[in-house]
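First the structure, in the form of structure tokens, and then the observations on it.
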Amino acid sequence: MSETFFVTTALPYANGPFHIGHIMEYIQADIWVRFQRMQGKRVHFVGADDAHGAPVMLKAQAEHTTPEALVARIAADRPRYLEGFHIGFDHWHCTHSSENTRLSHDIYRHLRTAGLIDSRSVEQFYDPVQGMFLADRYIKGECPKCHAKDQYGDACEVCGSVYAPTELIAPYSALSGAKPVLRSSDHFFFRLSDPRCAAFLRQWLEQPGHVQPQVANKAREWLEGRDGRALSDWDISRDAPYFGIPIPDAPGKFFYVWLDAPIGYLASLQSYIDSGKARANGEMRTFEQLLAAPDTRQVHFIGKDIIYFHTLFWPAMLHFAGPPYRVPDNVHVHGFITVSGEKMSKSRGTGISPLRYLELGLNPEWLRYYLAAKLNATVEDLDFNAQDFVARVNSDLIGKYVNIASRAAPFVTRHFDGSIDYPAGTGELLDVAREVLEQVRESYAAREFARAMRQIMTFADRLNQDFDARRPWILAKDPTQRAALQDSCARALYGFKVLTCLLAPVLPALAERVARELLGLQRPLAWADALEPPRRIHPYRHLMTRIDPKQLDALFEPAGEIPVPTKTAPQTPSVEPAGSSGAPRTALTATQGAPAPPTLSIEEFKRIDLRVARIAAAEHVAGADKLLKLTLDLGGETRTVFAGIKSAYDPAALAGRLTVLVANLAPRKMKFGLSEGMVLAASGETGGPYLLAPDSGAIPGMRIG
RNA sequence: GGAAAGGUAGCUCAGCCGGUUAGAGCACGGCACUCAUAAUGCCGGGGUCGAGGGUUCGAGUCCCUCCCUUUCCA
């Protein structure tokens, strides 16, 4: 029963701030961790920055700083996010650390002793100007199949074909523009092709519970390979210059970042223990003792993009490194978060900035609840939808949950001076509580948070119904009904305490306030508190406010006008390393500093693609004061446009009308979805808007100009 | 090209091993209530469960084919 959980989330790459995807993962893990702790389990929850690799090195170079300084700067920013969203890591470390170096060396040596490390010569493109070998993503050239220019070294984005960098026509270095030369170098390989590896992994994947079934399927697919090709050996070394951990006995060679990144989980645990923090949390064992203990559970939360590393390389590394290392007990995989159905993309300015969310003063627990209400144990993607978010939080948390305390507590304070009795006894109430508690416990444990939230809200519904049926506000007027009044309020407030316990993993700050301010407890709530009906409350103070949809508008306002790179636009050969999300992309725009000319040349005007469009459908947008959602027919194409014409037009009267669309306006992410263009309308002092319309005879799709 | 996941009311989603008239929340319409930083309660409209075949006494649920979406791999 004394299981100890060692829980990690995927290590974020240290070249940029957290995005909403990171935050979602941390919230998922944090909820699970808090739940386990409320059950009385001991949990060590650690994270770290993933510091190594070429992108960090190159980014530092571009900023005329050192990789260490860059990583430190990024790390300094992490607590704002973590504290802001109540994500309770016990420790946060870095893969560029003495612990990680020691552990990486140790694991590597064990693998070498086990005969699982090979060395062989590899021929690879080398940039003579930068003086370094080039990863595929840093090589560009002409696609050998479709002859599209400026394609990356591994695949063509235009025709989709895959090739080796050496097949590119006229290759050049994306870093320096220089012509790369082929050069050979000795590389080290982890021999995954060894039958021992395949046998071990097959068996590990077979055992239920290690990974979700879908994930096991995926991993098996890689493991068994196709056309008789099984897993191939894994290149784990890189040549200097490289920001990484030097390989023992191999001067000038460094571990590939993906070798030491997961070891960073262990490094963070080690640092957590050595720092004395673990001791403060009641963990007296050493790093080795903790890992080796049979009742330790090593649990990783990751996104589906890194399944490969966590279900093949990582377990194999740990297994063949031997004790005290333990093979992961669980790898929990989640999907991506999309925003209004669109894949989030920093470069397109979509997605939600977690920092902006906090800066706007939006309540972090709103987001925690909303994500919990949509998260389950599958690998499916999750959509953040602004309207859904507002409805869900306002209705569930304020309308249902908080409302129970808000409506029942004043009676108790006013009529009973804050003391609660149970004239009808607590037996039945406890039975109900036990049942709900057990249901929700199972859901949380299985990471079926959405189900847990549904169960919790069903219970809240029952409490509101019960309260309604008993009509305490009527009872309060009749002095002979004191017992009935007391009973109806006691039931509601006990129910509220149960709800608060159930929601505490998701809403830790709110639960803490309820415990302290309302229930007068000087400690956080535990699961078992849900079976202690409260006997006294302090006067109720409002616990949570509703979301004003206007607050969300600001969240979705783009921070600045970010150009939308279209697929066909020629890529400027830039020195910006791919993946360095922090690099300024806005510098790529065509218009440079010159002031706008007073007149427009015909060429400039021609850049505006005006088209005749037929309004196929028009509808109101729930929650929007000014917008109508228009579905436009452009001949063979359909566009969705949000137009600010609600004040002047009835949607029903618009259907079928022709109008004018700016067809090549950069799509703009709005709170309600993506607006793919702009319809033209006139407006002025005297009124408007007046929608423009072509003369009769025009056909949808016709070019105007 | 191969694979995985998904396609259920306007929106977000539940529907386990096939079984009476397909569910919830939100939105919408109506009613009630007034304790609640305006919320709750009741009633209601609304779905050819992606399409087409098949198995079965009976399929949203199993099988086959196809279409669409997302993702991964080569």
Side-chain angles (χ1 to χ4, degrees), chain A residues 154-155 160-164 212-227 229 231-232 303-308 311 333-338 340-343 370-371 373-376 378-415 443 446 448 450-458 460-477 485 488-489 492-493 496 540-546 548 617 619-623 629 672-673:
Chain A
D154 48 357
S161 56
V162 181
Y163 40 75
Q212 294 115 300
Q214 308 98 302
V215 176
N217 279 341
K218 193 80 217 165
R220 255 186 233 113
E221 197 182 300
W222 288 317
L223 187 58
E224 305 306 336
R226 291 184 302 119
D227 314 322
R229 282 183 307 147
L231 225 46
S232 52
K304 63 182 180 181
D305 51 330
I306 51 178
I307 290 175
Y308 202 88
T311 59
V333 182
H334 61 78
F336 298 145
I337 182 166
T338 59
S340 303
E342 303 271 326
K343 190 179 173 184
Y370 180 67
L371 291 178
K374 304 198 83 164
L375 275 168
N376 58 33
T378 71
V379 193
E380 288 161 35
D381 291 351
L382 173 161
D383 189 47
F384 182 101
N385 178 290
Q387 289 160 264
D388 191 36
F389 176 71
V390 173
R392 204 66 199 246
V393 168
N394 285 349
S395 160
D396 287 1
L397 289 186
I398 290 87
K400 292 179 178 177
Y401 163 66
V402 164
N403 189 234
I404 293 166
S406 158
R407 65 195 305 204
F411 286 113
V412 172
T413 302
R414 212 174 300 140
H415 296 273
S443 298
E448 290 286 355
R451 194 170 70 203
M453 296 308 109
R454 250 181 279 126
Q455 290 162 334
I456 291 169
M457 286 308 144
T458 301
D461 284 344
R462 283 164 64 187
L463 292 170
N464 274 313
Q465 286 160 17
D466 183 74
F467 198 75
D468 255 42
R470 290 167 190 274
R471 300 164 168 264
W473 54 94
I474 307 279
L475 302 175
K477 292 172 183 154
L485 174 64
S488 60
C489 294
L493 288 168
F496 182 74
Y540 173 80
R541 289 200 286 159
H542 200 57
L543 291 167
M544 188 178 261
T545 55
R546 302 166 63 76
D548 179 353
E619 54 191 300
H620 285 297
V621 181
K629 179 180 178 181
F672 312 100

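Order of the sequence lines fixes the chain letters, A, B, ..., with proteins taken first and strands second; residue numbering starts at 1 for each chain. Owing to the predicted nature of the structure, the values given are computational and were not obtained by experimental measurement. Only this structure's heavy atoms are used, side chains among them; waters, hydrogens and symmetry mates stay out.
Distance from the side chain of A/Asn403 is smallest for B/U40 among the nucleotides B/U40, B/U34, B/C42. For A/Ala391, taking side-chain heavy atoms from C-beta onward, the closest of the listed nucleotides B/U71, B/A14, B/C26 is B/C26. Taking only side-chain atoms of A/Trp473, from C-beta outward, the nucleotide of B/C13, B/C35, B/C26 with the closest atom is B/C35. Listed nucleotides: B/U12, B/A5, B/U40. Nearest to the side chain of A/Lys374: B/U12. Side-chain proximity of A/Phe336 to the nucleotides B/U71, B/G41, B/G25 is greatest for B/U71. With B/U40, B/U71, B/U12 as the candidates, the nucleotide lying closest to the side chain of A/Arg407 is B/U40. Relative to the side chain of A/Arg454, the nucleotides B/G41, B/A14, B/G25 differ in distance, and B/A14 lies closest. Distance from the side chain of A/His542 is smallest for B/U37 among the nucleotides B/U37, B/C35, B/G6. Among B/C42, B/C35, B/G25, the nucleotide with an atom closest to any side-chain atom of A/Gln465 is B/C42.
Taking atom P on both nucleotides, B/C28 is separated from B/C33 by 22 Å, rounded to a whole Å. Straight-line distance between the P atoms of B/G47 and B/G10: roughly 8 Å, to the nearest whole Å. Rounded to a whole angstrom, the distance from the P atom of B/A59 to that of B/C43 is 31 Å. B/G44 and B/A5 have their P atoms separated by 39 Å, with the value rounded to a whole Å. Nucleotides B/G58 and B/G54 are separated by 15 Å at their C1' atoms, to the nearest Å. Comparing the same atom, P, in B/A3 and in B/G45 gives a spacing of 45 Å after rounding to whole Å. Rounded to whole Å, the C1' atom of B/C16 lies 16 Å from the corresponding atom of B/A22. Taking atom P in both B/G23 and B/G60, the straight-line distance is 13 Å, to the nearest Å.
In terms of phosphate contacts, A/Asn376 brings a side-chain nitrogen or oxygen within less than 4.0 Å of OP1 or OP2 of B/A14. Of the side-chain N and O atoms in A/Ser395, none sit less than 4.0 angstrom from OP1 or OP2 of B/G25.
Here NZ of A/Lys400 is found 7.5 Å from OG1 of A/Thr458. Values are rounded to the nearest 0.5 Å. Between atom CZ of residue A/Arg454 and atom CG of residue A/Asp396 there is a gap of 11.5 Å, rounded to the nearest 0.5 Å.
Between A/Leu382 and A/Lys477, the residue anchored nearer the 5' end of RNA chain B, judged by the nucleotide with its closest heavy atom, is A/Leu382. Between A/Leu543 and A/Asp396, the one whose closest nucleotide on RNA chain B sits nearer the 5' end is A/Asp396.
If you measure from atom CD1 of A/Ile474 to atom P of B/C35, you get 8 Å, rounded to the nearest angstrom. Atom NE2 of A/His415 and atom P of B/C35 are 10 Å apart (whole Å). The CG atom of A/Asp468 sits 10 Å away from the P atom of B/U40 (whole-angstrom rounding). Between the C1' atom of B/U12 and the CG atom of A/Asn385 lies a distance of 7 Å, rounded to the nearest Å. As rounded to whole Å, 13 Å separates atom P of B/U37 from atom CD1 of A/Ile398. Protein atom CD1 of A/Ile307 is 12 Å distant from nucleotide atom C1' of B/A3, rounded to whole Å. Atom pair A/Tyr308:OH and B/A74:P shows a separation of 7 Å (rounding to whole Å applied). A/Gln212 places its CD atom 15 Å from the C1' atom of B/U71, with the value rounded to the nearest Å.
A donor-acceptor pair under 3.5 Å is absent between the side-chain atoms of A/Tyr540 and the main chain of A/Arg407, judged by distance alone. In terms of modelled atom types and a separation under 3.5 Å, the side chain of A/Ser406 and the main chain of A/Val402 share no donor-acceptor contact. Remark: side-chain polar atoms of A/Ser395 are not paired, donor with acceptor, to backbone N or O of A/Arg392 under 3.5 angstrom.
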Evaluate the side chain to side chain contact (heavy atoms under 4.5 Å, CB included) criterion for residues A/Asp305 and A/Phe336: first the C-alpha distance (whole Å), next the side-chain angles of each, then the deciding distance (0.1 Å), finally the verdict. CA-CA 9 Å; A/Asp305 51 330; A/Phe336 298 145; 3.8 Å; yes
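Taking 4.0 Å as the cut-off between side-chain N and carboxylate O, A/Asp466 and A/Arg470 count as a salt-bridged pair.
Considering all non-hydrogen atoms of both residues, A/Leu475 and A/Ser488 come closest at CD1-OG, 4.2 Å.
Nucleic acid contact class of A/Arg546 (heavy atoms, under 4.0 Å, all strands): sugar-phosphate only.
Below 30°, between 30° and 60°, or above 60°: for A/Phe467 and A/Trp473 the angle between ring planes is between 30° and 60°, a tilted geometry.
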Structure string for RNA chain B in dot-bracket form, Watson-Crick and G-U at under 3.5 Å, | interchain: (((((((..((((.....[...)))).(((((.......))))).....(((((..]....)))))))))))).
